[in-house]
Amino acid sequence: MLNASHKIGQVMEGSPAERAGLIPGDIITKINNVELVDIFDYHYYSDDADITVELLHEDGTTESKLVEKEEGEDLGVIFCNGLMDDYKSCSNKCAFCFIDQMPPGMRETLYFKDDDTRLSFLQGNYVTLTNMKMADLDRIIAYKLGPINISVHATNPELRVKLLHNRFAGDILDKIKKLYDAEIPMNAQVVSCPGLNDGPELDRTIRDLMEFAPVMSIETVFIHSEPTQLRRLARSLTRLNTGRRWRWRNLVTTSFRLLMNGIFLLDAHFQNLIDMMDLFSWKMALGC
């Protein structure tokens, strides 16, 4: 596979690659006779000692080079494309997507919605797994990659399809179970939206995910934006109940019910929100 994304942009001084004669502009097509898909293939196969690298030079000629190196020693190249592949964009339209709320006139890269699992491992991004097939998960398992950060938001299949506006979103528990059985560490994120996936649905989601502890950890984020912000978002996405009284009551009662059952919500915004609540808010939450 001849892929321009595999082009070398920089060769580190004194590295095994420099000693072997690799130069910027070369395209690495194979390592030890294995075609490379992306950066994970590169790291996996270049980890061996004394590897054979097949190159496509800028003039169109090909060459095979033996790179002498220790096992685990970095080859010493930086690629023009950090993933050695195209970035996978997001095919969802989540009700709370922060990119959909971006104001116009910003730099173009801020509007790119990625949902690339590789960025979860490399940069800590959260991904929905909606564009991943079981074969993609097999590759993660084979390479023993982890942790993977997963945007779950709901485990109810019908609700998750609605929440992400994606008909392929309902199989999240099957994918998590596959990773769990392989002992791949996972971090799950749940963004709780008023009137959509909170209350009993949030209870269900948290309890479903707790079945995968300790391989999986859970972070719950509560949307408590000002009503004007959520109303603006709702016009283009889905209707969220943003009434102040309704929001406080459901937020506190749901959170405390989970806490009383030994489930800890690891979100700083939640703690700050509780710190700022006054007596009137407590009375609203408790129905006094």
Side-chain angles (χ1 to χ4, degrees), residues 88 90-99 113-134 136-141 143-166 168-194 196-224 250-251 254-271 273:
K88 293 183 179 180
C90 181
S91 57
N92 309 309
K93 197 164 184 64
C94 298
F96 47 82
C97 179
F98 69 91
I99 293 182
K113 296 167 56 171
D114 75 80
D115 198 23
D116 198 313
T117 308
R118 295 165 297 188
L119 295 179
S120 182
F121 301 113
L122 295 173
Q123 299 178 4
N125 294 16
Y126 276 80
V127 291
T128 64
L129 304 185
T130 55
N131 59 12
M132 294 196 72
K133 298 179 174 60
M134 289 299 178
D136 298 320
L137 298 180
D138 288 335
R139 188 162 173 255
I140 291 173
I141 293 168
Y143 289 175
K144 295 179 170 55
L145 298 172
I148 180 170
N149 301 320
I150 306 173
S151 291
V152 178
H153 309 314
T155 53
N156 177 338
E158 292 79 13
L159 176 59
R160 193 168 193 262
V161 167
K162 175 184 176 182
L163 187 64
L164 273 61
H165 288 216
N166 187 325
F168 299 109
D171 62 349
I172 186 63
L173 284 179
D174 293 336
K175 292 176 177 177
I176 289 175
K177 179 65 163 55
K178 185 178 182 71
L179 295 170
Y180 173 80
D181 289 341
E183 299 183 347
I184 300 297
M186 295 173 281
N187 299 314
Q189 180 189 71
V190 178
V191 176
S192 180
C193 302
L196 191 56
N197 64 332
D198 62 346
E201 289 293 349
L202 179 59
D203 287 358
R204 170 178 174 171
T205 298
I206 297 295
R207 294 184 192 285
D208 285 346
L209 296 180
M210 287 299 290
E211 295 295 320
F212 303 108
V215 175
M216 170 175 280
S217 64
I218 307 169
E219 175 182 275
T220 304
V221 179
F222 291 96
I223 286 187
H224 52 83
N250 282 271
L251 169 60
T254 299
S255 304
F256 276 21
R257 182 169 61 253
L258 294 173
L259 287 167
M260 290 295 289
N261 283 277
I263 300 174
F264 300 95
L265 306 180
L266 307 176
D267 176 57
H269 294 297
F270 170 72
Q271 183 63 52
L273 184 61

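The chain is numbered in sequence order, starting from 1.
Under a 3.5 Å cut-off, the side chain of Asp116 and the backbone N or O of Lys88 do form a donor-acceptor pair. Side chain of Lys113 to backbone of Cys97: no donor-acceptor contact under 3.5 angstrom is found. A donor-acceptor pair is defined here as one N or O able to donate and one able to accept, closer than 3.5 Å; such a pair exists between the side chain of Ser120 and the backbone of Asn149.
Between Asp208 and Ile176 there is no side-chain heavy-atom pair separated by less than 4.5 Å. Side-chain contact between Ile140 and Phe121: present, with at least one pair of heavy atoms (C-beta onward) separated by less than 4.5 Å. Contact annotation: the side chain of Val191 never approaches that of Leu163 to less than 4.5 Å [non-hydrogen atoms, C-beta and beyond]. A heavy-atom distance below 4.5 Å is not found between the side chains of Leu145 and Thr117. The closest side-chain heavy-atom distance from Leu173 to Phe212 is below 4.5 Å. Side-chain contact between Met216 and Tyr180 is absent, with no heavy-atom pair separated by less than 4.5 Å. Looking only at side-chain heavy atoms (C-beta outward), Leu129 and Ile148 come within less than 4.5 Å of each other. At a threshold of 4.5 Å between non-hydrogen side-chain atoms, the residues Asn131 and Phe168 do not count as touching.
The two residues Gly146 and Ile184 make their nearest non-hydrogen contact at CA-CG2, 4.5 Å. Contact detail for Arg204 and Thr155: the closest heavy-atom pair is O-OG1, 3.8 Å. Across all non-hydrogen atoms, the minimal contact from Val161 to Gly170 is CG2-N, 3.7 Å.
Within the model, atoms CD of Glu201 and CG of Asn156 stand 4.5 Å from one another, a figure rounded to the nearest 0.5 Å. With values rounded to the nearest 0.5 angstrom, Arg118 atom CZ is found 9.5 Å from Asp136 atom CG. Separating the SG atom in Cys193 from the CG atom in Asp198 is a distance of 8.5 Å, to the nearest 0.5 Å. Between the CD atom in Glu183 and the CD1 atom in Ile141 there is a gap of 11.0 Å [rounded to 0.5 Å]. Within the model, atoms SG of Cys90 and CG of Asn166 stand 8.0 Å from one another, a figure rounded to the nearest 0.5 Å.
Among the candidates Asn197, Asn92, Leu202, Thr205, the single residue satisfying the side-chain contact (heavy atoms from CB on, under 4.5 Å) test with His153 is Asn197.
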Assess whether side-chain hydrogen bond (donor to acceptor under 3.5 Å, both in side chains) is satisfied between Ser91 and Asp115, documenting all intermediate values. CA-CA 8 Å; Ser91 57; Asp115 198 23; 5.6 Å; no
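Taking a cutoff of 4.0 Å between a charged side-chain nitrogen and a carboxylate oxygen, Lys175 and Asp171 qualify as a salt bridge. A salt bridge links Asp138 to Lys178: at least one charged side-chain nitrogen sits closer than 4.0 Å to a carboxylate oxygen.
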